[in-house]
Amino acid sequence: MKKFKKSALLLCALSSIAALSSCGGKKNDENTIYFWHTFGKEIINELEKQVNAFEEAVYKRDGVSISIELSYQGGYDDLRNKVLKGYATGNTPTITVAYPDHIADYLELENKKGDFVVNLDDYINSSEYGLGVKDEIFKEETNVSDIVESFYEEGTKYKYEGTYSMPLMKSTEIMLYNKDIVSSALSDLGIQKDVEKYMKNISWDEFEILLKQIANNFERYGIKGDKGEEPYALFYDSDANLFITQCYQRGIDYVSMKDGKGSIDFNNDKAVELLTEFKNMHEANLLTTKGANGGKYGSDAFKSMKCAFVVGSTGGSGYSDPGENFNPGVCKFPTYKNVGEEKQKYVSQGVTLGLLKNSSIREEVDNKKNRYGWEFIKYITSPTNNVDLTMQSQGYVPVRKSAYETEDYKLLLDSTEYSAEVAKTVIHEINGNYFNYPVFKGSAEARNQSEGAVKQVLLGKLSPEEALKEAYKEAIKRTQ
């Protein structure tokens with residue numbers, strides 16, 4: 001069966017002529033399932049193959065000509081804004097890429113519970129097409145228990161009980177380091193140990209000593225900034241993740257939820273102490289961030305030896321590969337000193353999927369779209385398909401434990417290439433230890449404003465007390 005894929009632009013143009021379909025689905029054909037995404041070319045090339053295979057498999061099994069229409073919507077915030085704007089007119093997709101915070105925003109649009117964001121539990125537990133049910137399309141294991149627990153748990157942290165999002169590809173933060181510089185610095189400190197082994201097990205206190213050794217001897221280790229710019233020992237890409245992760249590990253109040261009501265809690269004395277620590281580290285050239293670096297990521301600084309360490313998302317770790325410039329090492333960022341095992345966790349990022357209803361479509365048609373939309377989510381999160389997608393990314397990992405045991409992924413993990421070292425660090429060292437804060441209307445603003453607070457403090461524009469007070473006030477105001 002031959003299928004033709006229409007671009008979102010073409011669909012929108014045709015709608016003015018035939019009034020048969022829209023970009024999101026206000027009057028779209030009952031067998032067309034719109035999938036709004038943020039993906040680049042490599043992932044889309046693979047996803048289109050899986051779309052075609054799924055459509056043909058459904059036709060063979062059910063005799064139904066389903067069409068999955070992939071529609072690029074820009075970045076995450078662009079997509080979120082289009083969904084929010086399209087809700088009132090029915091111009092929304094069936095499947096959407098989203099951050100959990102964005103799913104929480106969509107839940108707030110509902111006139112009554114369940115009329116927009118689908119609670120996936122009814123699909124997950126279905127005896128006909130739920131997770132774990134096998135048929136001629138689904139021949140691999142797809143049980144809930146096979147999904148990395150913290151990835152799955154993320155989809156249950158909303159104001160309602162149930163599962164409102166599913167993980168597709170995930171990333172976290174790791175630390176890359178210049179092996180040559182670190183080896184020299186450790187030697188100067190009288191530490192004659194295997195560099196990789198030492199960095200794999202480095203404590204917070206040991207890391208602080210290493211940062212100070214490098215920052216006090218930049219010239220000796222060949223680290224220098226551009227003209228007019230100072231070098232730093234450590235470049236931490238995400239101001240927000242630095243703040244949020246340290247809040248979690250140190251037990252500092254950030255956000256919380258009680259009885260379905262979210263609360264923004266980061267304006268407190270311990271958070272002020274945390275920002276003061278960041279400020280002191282920045283002034284001593286131990287630490288800088290993207291926010292304090294004019295919005296530029298640390299990958300270029302790392303590759304050109306303007307820092308010795310960079311902490312960033314595994315989803316973009318390929319951009320920090322120095323090639324032949326020097327030997328890079330990969331390790332997890334050390335957790336804060338003396339925290340218990342329950343706090344030795346890291347931020348979870350990456351691609352999450354939601355399933356949406358559409359009030360402008362007849363209920364039986366909408367249910368049909370949701371059912372096949374769900375099955376497509378199940379299809380692309382099955383082990384082999386999930387591996388094929390993540391292999392086309394810049395460092396995302398599959399969401400299923402069994403995916404790591406597939407032949408293709410084992411070949412990757414057996415490799416000594418840079419990308420393999422990144423994957424092995426995520427899978428074997430971090431090993432599923434991720435934290436999940438509750439998400440609610442306001443949690444996205446909490447993140448945005450805490451990010452701004454770190455930036456303002458490091459740039460010397462506000463004191464830690466002033467920055468947190470202003471960030472809290474803005475977060476509350478923008479979510480009321």
Side-chain angles (χ1 to χ4, degrees), residues 35 37-54 68 70 72 75-76 95-100 131 138-155 165-174 176 312-321 330 332 346-354 376-434:
F35 185 154
H37 67 83
T38 60
F39 302 135
K41 180 180 178 181
E42 290 78 11
I43 292 176
I44 282 300
N45 286 343
E46 175 57 37
L47 191 57
E48 285 179 340
K49 295 177 187 176
Q50 296 189 22
V51 164
N52 290 330
F54 177 76
I68 308 287
L70 305 175
Y72 176 74
Y76 277 90
I95 307 171
T96 184
V97 165
Y99 285 139
L131 291 181
F138 302 97
K139 299 179 174 64
E140 293 183 301
E141 181 57 73
T142 59
N143 275 318
V144 167
S145 60
D146 186 43
I147 302 174
V148 175
E149 287 85 353
S150 54
F151 293 162
Y152 184 76
E153 180 191 52
E154 181 184 66
S165 58
M166 281 285 288
L168 177 62
M169 301 181 288
K170 302 302 286 183
S171 62
T172 185
E173 290 182 322
I174 55 164
L176 310 176
S313 171
T314 57
S317 58
Y319 297 112
S320 295
D321 185 353
V330 184
K332 59 185 180 181
Y346 294 84
V347 66
S348 172
Q349 304 177 133
V351 184
T352 293
L353 300 177
F376 186 64
I377 291 174
K378 177 181 171 182
Y379 186 75
I380 59 180
T381 56
S382 60
T384 298
N385 289 336
N386 206 221
V387 166
D388 289 343
L389 280 174
T390 56
M391 294 280 276
Q392 300 304 316
S393 71
Q394 282 282 347
Y396 290 102
V397 297
V399 299
R400 289 190 172 277
K401 289 173 276 189
S402 62
Y404 308 146
E405 300 302 320
T406 62
E407 288 304 314
D408 284 347
Y409 214 75
K410 284 195 287 187
L411 282 174
L412 170 66
L413 295 179
D414 287 342
S415 167
T416 58
E417 293 183 2
Y418 170 81
S419 59
E421 293 303 317
V422 171
K424 283 185 278 192
T425 299
V426 173
I427 294 167
H428 300 313
E429 300 300 325
I430 295 178
N431 191 27
N433 289 307
Y434 304 102

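Worth knowing before you read on, the calculation uses all heavy atoms, side chains too, and leaves out hydrogens, waters and symmetry mates. Keep in mind that what you see is a predicted model, and the values were worked out from it rather than measured.
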Discussion item. Would you say OH of Y319 has more than 12 non-hydrogen atoms from neighbouring residues, nucleotides or ligands within 6.0 angstrom?
Written reply: no
Worksheet item: So V51 and I68, side-chain contact (heavy atoms from CB on, under 4.5 Å) or not? Walk me through it.
Response: CA-CA 6 Å; V51 164; I68 308 287; 3.7 Å; yes
Worksheet item: Which heavy-atom pair separates T381 from P167 by the least distance, and what is that distance?
Response: CG2-O, 3.5 Å
Item to complete: Apply ring pair (Phe, Tyr, Trp, His ring centres under 6.0 Å) to F39 and list each qualifying residue two or more places apart in sequence or on a separate chain.
Response: H37
Worksheet entry | I174 side chain reached by V426 side chain, heavy atoms, under 4.5 Å | yes
Response to the item:
dist L168:CG -> I43:CD1 (nearest 0.5 Å) comes out at 8.0 Å
Item to complete: Hey, could you give me the NE2/CG distance between H428 and L413, rounded to the nearest 0.5 Å?
Response: 5.0 Å
Worksheet item: Residues in side-chain contact (heavy atoms from CB on, under 4.5 Å) with E407, at least two apart?
Response: K410
Worksheet item: Can you list the residues that meet the salt bridge (charged side-chain N to carboxylate O under 4.0 Å, His left out) rule with E141, with sequence neighbours excluded?
Response: none
Worksheet entry | Listed partners of E421 passing side-chain contact (heavy atoms from CB on, under 4.5 Å), at least two apart | V330, K424
Practice prompt. Evaluate the side-chain proximity of L131 to K378: yes if any heavy-atom separation is below 4.5 Å, no if none is.
Written response: yes
Practice prompt. Say whether, by atom type as modelled, one donor and one acceptor occur between the side chain of S415 and the main chain of E417 under 3.5 angstrom.
Written response: yes
Worksheet entry | Any residue meeting side-chain contact (heavy atoms from CB on, under 4.5 Å) with S320, in chain and number order, not counting sequence neighbours | L176, S299, F302, V310, Y418
Discussion item. If only side-chain N and O atoms count, and only distance matters, is there a donor-acceptor pair under 3.5 Å linking E140 with T384?
Written reply: yes
Worksheet item: With Y99, which residues qualify under ring pair (Phe, Tyr, Trp, His ring centres under 6.0 Å), at least two apart?
Response: Y76, H102
Worksheet item: Would you say the side chain of M166 lies within less than 4.5 Å of the side chain of I147, judging by non-hydrogen atoms?
Response: yes
Worksheet item: Of the non-hydrogen atoms in G315 and S171, which two are nearest, and what is the gap between them?
Response: N-CB, 3.6 Å
Worksheet entry | Least distance between heavy atoms, P398 atom then A403 atom | CB-CB, 3.5 Å
Discussion item. Just so I know, are the side chains of V148 and V399 near enough to count as touching, which here means a heavy-atom distance under 4.5 Å?
Written reply: no
Worksheet item: Is the shortest heavy-atom distance from the side chain of L389 to the side chain of E42 under 4.5 Å?
Response: no
Worksheet item: Which distance, rounded to the nearest 0.5 Å, do you find between the CZ of F54 and the OH of Y379?
Response: 8.0 Å
Worksheet item: Has the side chain of N52 got a donor or acceptor atom that lies under 3.5 Å from a matching backbone atom of E48?
Response: yes
Worksheet item: Is there a donor-acceptor pair under 3.5 Å between the side chain of T172 and the backbone N or O of V347?
Response: yes
Practice prompt. Please answer whether the main-chain N or O of E46 pairs with a side-chain N or O of D388 as donor and acceptor at a distance below 3.5 Å.
Written response: no
Worksheet item: Quick one: does V387's side chain get under 4.5 Å of L412's, heavy atoms only?
Response: no
Item to complete: Start with the C-alpha gap between V97 and T352, add the side-chain angles, then the distance that decides, and say whether side-chain contact (heavy atoms from CB on, under 4.5 Å) holds.
Response: CA-CA 6 Å; V97 165; T352 293; over 6 Å; no
Item to complete: Kindly write out the residues that satisfy ring pair (Phe, Tyr, Trp, His ring centres under 6.0 Å) with Y346, not counting sequence neighbours, or none if the list is empty.
Response: none
Worksheet entry | By salt bridge (charged side-chain N to carboxylate O under 4.0 Å, His left out) - contacts of E154 (at least two apart) | K170
Discussion item. With a 3.5 Å distance limit and no angle check, can you tell me whether N385 reaches the backbone of S382 through a side-chain donor-acceptor pair?
Written reply: no
Worksheet item: Restricting to pairs with a member in residues 395-414, which pass ring-ring contact (aromatic ring centres under 6.0 Å, His included), not counting sequence neighbours?
Response: Y404-Y409
Worksheet item: Which pairs, with at least one residue in residues 390-401 and sequence neighbours excluded, count as a salt bridge (Lys or Arg N to Asp or Glu O under 4.0 Å)?
Response: D146-R400, E149-K401
Practice prompt. Drop me the distance from T142's OG1 to I377's CD1, to the nearest 0.5 angstrom.
Written response: 13.0 Å
Worksheet item: Quick one: CE on M169 to OG1 on T314, what's the gap to the nearest 0.5 Å?
Response: 11.0 Å
Response to the item:
Tightest non-hydrogen contact, residues S165 and G155, listed as OG-CA, 3.3 Å
Fill in: Non-neighbouring partners of Y152 that pass ring pair (Phe, Tyr, Trp, His ring centres under 6.0 Å), sequence neighbours left out
none
Discussion item. Run the side-chain contact (heavy atoms from CB on, under 4.5 Å) test against E153 and tell me which residues pass, sequence neighbours left out.
Written reply: T156, K157, N436
Worksheet item: Taking all non-hydrogen atoms of both residues, which atom of E173 and which atom of I430 are closest, and how far apart?
Response: O-CD1, 3.8 Å
Worksheet item: How long is the gap from CD on Q50 to CG on L70, to the nearest 0.5 Å?
Response: 10.5 Å
Worksheet entry | Least distance between heavy atoms, I380 atom then N386 atom | O-ND2, 3.3 Å
